[in-house]
2 protein chains.
Amino acid sequence: MKKPTIKDVAKLAGVSFKTVSRVVNQEPNVSESVKEKVLESIKQLNYQPNHTARVMRKAPFSLAFVYDNPNSHYVIEMQNGIISECRKKGFELVIHPTDSHSDEVGNELAAMIGSNQIGGIILTPPLSENKELVTFLLSRDAKVVRILSGEQPPDKLAPVLHVDDVDAGFKMTQYLLELGHRDIAFLGFHASHESSLGRVRGFKKAHELAGLSFDKNFIIDGEFTFESGMDMAKQVLAMPKRPSAIFACNDEIAAGAVFMARLNDLKVPEDISIIGFENSPFATQTWPHLTTIDQPNFDIAATAAAMVIEMMKSNDVHVVDSKGFSLEVVIRDSACKPSL
Amino acid sequence: MKKPTIKDVAKLAGVSFKTVSRVVNQEPNVSESVKEKVLESIKQLNYQPNHTARVMRKAPFSLAFVYDNPNSHYVIEMQNGIISECRKKGFELVIHPTDSHSDEVGNELAAMIGSNQIGGIILTPPLSENKELVTFLLSRDAKVVRILSGEQPPDKLAPVLHVDDVDAGFKMTQYLLELGHRDIAFLGFHASHESSLGRVRGFKKAHELAGLSFDKNFIIDGEFTFESGMDMAKQVLAMPKRPSAIFACNDEIAAGAVFMARLNDLKVPEDISIIGFENSPFATQTWPHLTTIDQPNFDIAATAAAMVIEMMKSNDVHVVDSKGFSLEVVIRDSACKPSL
DNA sequence: AAGAGCATTGACAACGTTGACACAAGTAAA
DNA sequence: TTTACTTGTGTCAACGTTGTCAATGCTCTT
């Protein structure tokens with residue numbers, strides 16, 4: 001049995017296929033009686049408008065989510081956020097994992113735009129930091145939304161969802177300072193990592209504002225991994241003046257640090273407070289549960305999707321404004337007042 | 001500047017647009033000289049065939065990956081496997097997260113099939129176990145491939161990729177028995193979870209084959225989470241006759257068990273061996289690194305994708321056969337010979 | 001040299017939809 | 001009563017491809 005087309009419905013309802021099209025698209029100027037008849041026929045034949053033909057006459061109903069991120073939790077949260085918005089609006093999501101070190105991304109995306117497969121693109125770091133890429137995509141008529149770390153959008157090229165890492169780092173540090181900690185180690189400094197830079201900046205800012213100095217040796221370089229977290233914690237715990245708290249740049253580092261603390265017979269948080277960043281599953285899969293910063297990835301992604309869809313619908317880049325997201329401290333069990 | 005169409009290319013090259021179509025589709029019977037001219041024009045105009053129009057005349061070039069799984073690592077690995085295959089074959093992936101408890105899945109997918117958005121579907125557990133759903137989708141002309149746990153495909157409805165959990169459970173248990181363990185606890189029995197059932201079956205089989213009995217009290221019910229792992233380990237460690245090894249049904253459980261062992265001042269693996277299952281990032285993000293079973297999710301997914309694509313291309317369900325995957329033990333540092 | 005056969009190319013319809021426009025009938029304004 | 005506008009409906013072209021078939025010209029038989 002072939003799939004029914006609009007013409008089959010029209011024949012059954014005894015009207016022209018254009019009238020059926022009108023009913024399907026909820027256009028005005030269809031009499032109640034006819035509309036009813038048509039809807040009846042649609043149900044009877046189980047008719048589904050052909051999405052492809054539709055796209056051909058209108059614009060693409062798909063957007064691409066481009067990522068280059070080893071953190072599957074992050075990707076899935078973003079992805080789910082985008083999808084939830086797409087479902088609401090009747091759009092489709094095409095995912096595009098990539099390697100940001102490859103020059104191919106731009107061309108691949110351009111090809112998808114050019115072939116009408118997608119109309120919009122959501123870019124995450126570090127791709128979203130690549131100004132050339134954005135400009136190139138824009139020149140190809142893509143609607144682009146970027147998710148970036150930073151207090152403010154860096155330019156006016158395309159709308160940006162900026163996540164305020166400085167503020168988050170500031171809040172978290174302030175929380176630790178208020179608990180009474182004075183010697184806080186920062187684990188996970190990474191010069192080429194925007195988020196890391198923002199978080200240290202907030203870390204410093206909080207100290208300055210409180211009129212406190214901090215030991216530069218307490219800022220440790222490292223990767224965003226469990227193992228690097230163990231290494232960095234090892235360094236820090238071996239120092240003559242051991243910190244009373246550890247600010248880990250993400251939850252994996254924090255989990256590694258917690259583990260290393262235990263290996264050194266230190267209880268968390270009684271002997272040493274350790275906080276994370278991201279509120280990933282890790283945060284509740286380690287013991288104690290991590291006090292951390294919640295990054296509302298799902299919401300950010302959903303907002304980004306809503307923006308691109310808006311831009312695609314109105315065919316205008318300037319229909320939406322950039323938007324900032326501030327992150328909040330989630331208090332759990334891995335930090336407390338320092339022991340005297 | 002509008003996107004160039006096949007007709008623009010034809011005009012520039014001074015041939016009919018049908019000839020251009022032939023060149024683009026690499027059809028035979030085009031003279032070298034003409035082909036060259038056309039390719040030149042294509043490059044000059046930066047022409048991209050309109051994917052949508054193409055789909056309308058042929059069949060859909062998209063397949064759906066349907067999942068209902070809280071494990072983001074699993075989802076991402078599958079997803080990446082499918083995409084890698086899609087890229088090679090010029091297909092597109094549409095992801096469809098869902099709630100298997102909802103009755104909507106079938107209708108949603110049927111709508112996507114009906115509207116020509118997708119042609120094939122890859123189903124993962126527990127959705128793939130739902131025979132009604134499969135039958136329904138098949139009746140809607142979908143090409144379906146299922147990924148299931150089990151030694152053999154349960155029916156001939158649609159091709160199945162079956163992962164042999166019994167064999168894997170068997171191998172892992174055998175490994176522990178060969179190390180010399182005689183009291184092994186099984187953490188994570190779950191009556192409605194096919195994989196879990198298979199793994200226990202292998203666990204029992206290995207004992208039987210070795211002519212050994214096992215303590216039924218050592219088979220503990222629980223969820224596939226870190227916290228449940230802690231709970232179950234707690235139960236088992238409190239038993240009068242403490243096991244010398246723990247068979248955890250997945251890596252999260254194992255990580256929870258490792259943690260609980262440490263809380264009880266037991267060294268892993270010296271005092272107690274703990275093995276995982278799945279070889280997720282968890283396995284190397286806990287200390288010691290977990291001896292576990294590797295599940296080649298990426299390969300399984302890629303194979304599944306290749307199958308669906310084959311079925312879509314030839315428009316025949318019987319063009320591919322079901323396929324079994326056997327899993328292998330990955331030896332790391334969390335299991336050793338029992339102390340005497 | 002003439003017909004058969006093949007390689008090359010083009011004209012045209014078709015896919016299933018939407019948009020532009022036409023037309024008939026009904027309704028309000030003159 | 002005529003005019004003009006509104007409402008409901010239909011006809012047809014168009015979107016950018018691919019499939020069908022016909023036309024051309026060439027080579028190969030005999």
Side-chain angles (χ1 to χ4, degrees), chain A residues 2-39 41-42 45-61 90 111-119 141 313 315, chain B residues 2-39 41-42 45-61 90 111-119 141 313 315:
Chain A
K2 280 289 294 172
K3 284 171 191 167
T5 76
I6 203 170
K7 292 186 183 173
D8 300 319
V9 178
K11 204 173 287 172
L12 183 64
V15 295
S16 82
F17 68 91
K18 178 66 219 195
T19 302
V20 177
S21 169
R22 273 191 262 263
V23 173
V24 171
N25 292 300
Q26 313 205 41
E27 286 174 29
N29 302 336
V30 183
S31 68
E32 269 316 309
S33 62
V34 171
K35 187 186 274 185
E36 229 168 83
K37 228 177 1 176
V38 170
L39 286 174
S41 306
I42 287 180
L45 292 178
N46 190 22
Y47 164 74
Q48 307 270 4
N50 184 314
H51 185 255
T52 316
R54 218 166 186 167
V55 168
M56 197 173 65
R57 293 293 290 146
K58 311 254 242 189
F61 280 92
M112 294 176 77
I113 294 278
S115 67
N116 238 35
Q117 274 185 89
I118 57 170
D141 268 342
K313 273 187 174 167
N315 204 28
Chain B
K2 282 288 294 172
K3 285 171 191 166
T5 76
I6 202 169
K7 290 185 184 172
D8 300 318
V9 178
K11 203 172 289 173
L12 183 64
V15 296
S16 79
F17 66 90
K18 177 66 217 193
T19 302
V20 177
S21 168
R22 272 191 263 262
V23 173
V24 170
N25 293 298
Q26 315 204 37
E27 286 173 28
N29 300 336
V30 182
S31 68
E32 269 316 308
S33 62
V34 172
K35 186 186 272 183
E36 230 167 85
K37 232 181 353 184
V38 171
L39 286 175
S41 307
I42 288 180
L45 292 178
N46 192 20
Y47 163 75
Q48 306 270 3
N50 184 313
H51 186 255
T52 316
R54 215 166 189 168
V55 168
M56 197 174 66
R57 295 292 289 145
K58 311 257 246 191
F61 281 92
M112 295 177 74
I113 294 280
S115 67
N116 239 35
Q117 274 185 89
I118 57 169
D141 268 342
K313 273 187 174 167
N315 203 26

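Note that the structure is predicted; figures quoted are calculated from it, not measured. Here is the naming used below: chain letters follow the sequence lines, and residue numbers restart at 1 for every chain.
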Atom-pair distance ([atom1] on [X]; [atom2] on [N]), nearest Å:
{"X": "A/K58", "N": "C/dG19", "atom1": "NZ", "atom2": "C1'", "value": "9 Å"}
{"X": "B/I6", "N": "D/dG16", "atom1": "CD1", "atom2": "P", "value": "11 Å"}
{"X": "B/E32", "N": "C/dA7", "atom1": "CD", "atom2": "C1'", "value": "13 Å"}
{"X": "A/Q48", "N": "C/dT17", "atom1": "CD", "atom2": "C1'", "value": "15 Å"}
{"X": "A/N50", "N": "C/dT18", "atom1": "CG", "atom2": "C1'", "value": "13 Å"}
{"X": "A/K37", "N": "D/dG8", "atom1": "NZ", "atom2": "C1'", "value": "12 Å"}

Flag side-chain contact, heavy atom, 4.5 Å: [X] against [Y]:
{"X": "B/P60", "Y": "B/I118", "result": "no"}
{"X": "A/N25", "Y": "A/R54", "result": "yes"}
{"X": "B/T5", "Y": "B/N50", "result": "no"}
{"X": "B/V34", "Y": "B/R22", "result": "no"}

Polar-atom pairs under 3.5 Å, protein N or O versus N or O of nucleotides 12-15 of chain C: list them with distances, or write none.
residue, atom, partner, partner atom, Å
C/dC15, O4', B/R57, NH1, 3.1

Side chains of A/K3 and B/N116, donor plus acceptor under 3.5 Å: yes
For the student: nearest non-hydrogen atoms of B/L12 and B/S41, plus distance: CD2-CB, 3.7 Å
Could you tell me which non-hydrogen atom of B/I6 sits nearest to which non-hydrogen atom of B/F17, and how far apart they are? CD1-O, 3.6 Å
When you look at NZ of A/K37, are more than 12 heavy atoms from neighbouring residues, nucleotides or ligands closer to it than 6.0 Å? yes
Using the side-chain heavy atoms of A/V30, tell me which of these nucleotides is nearest: D/dT9, D/dT18, C/dG16. D/dT9
Begin with the C-alpha distance, continue with both residues' side-chain angles, and end with the deciding distance and a verdict on side-chain contact (heavy atoms from CB on, under 4.5 Å) for A/L39 and A/K35. CA-CA 6 Å; A/L39 286 174; A/K35 187 186 274 185; 4.1 Å; yes
Given that B/V34 and A/R54 both sit by DNA chain C, which one's nearest nucleotide is further toward the 5' end? B/V34
Below the 4.0 Å mark, does C/dG10 have OP1 or OP2 next to a side-chain nitrogen or oxygen of B/T19? yes
Report yes if a side-chain nitrogen or oxygen of B/K35 is closer than 4.0 Å to either non-bridging phosphate oxygen (OP1 or OP2) of C/dT8; otherwise report no. no
Got a sec? Which of residues 20-29 of chain A come in under 4.0 Å of DNA chain C, heavy atoms? A/S21, A/N25
Within the structure shown, what part of the strands sits under 4.0 Å from A/V55 by heavy-atom distance: base, sugar-phosphate, or nothing? nothing
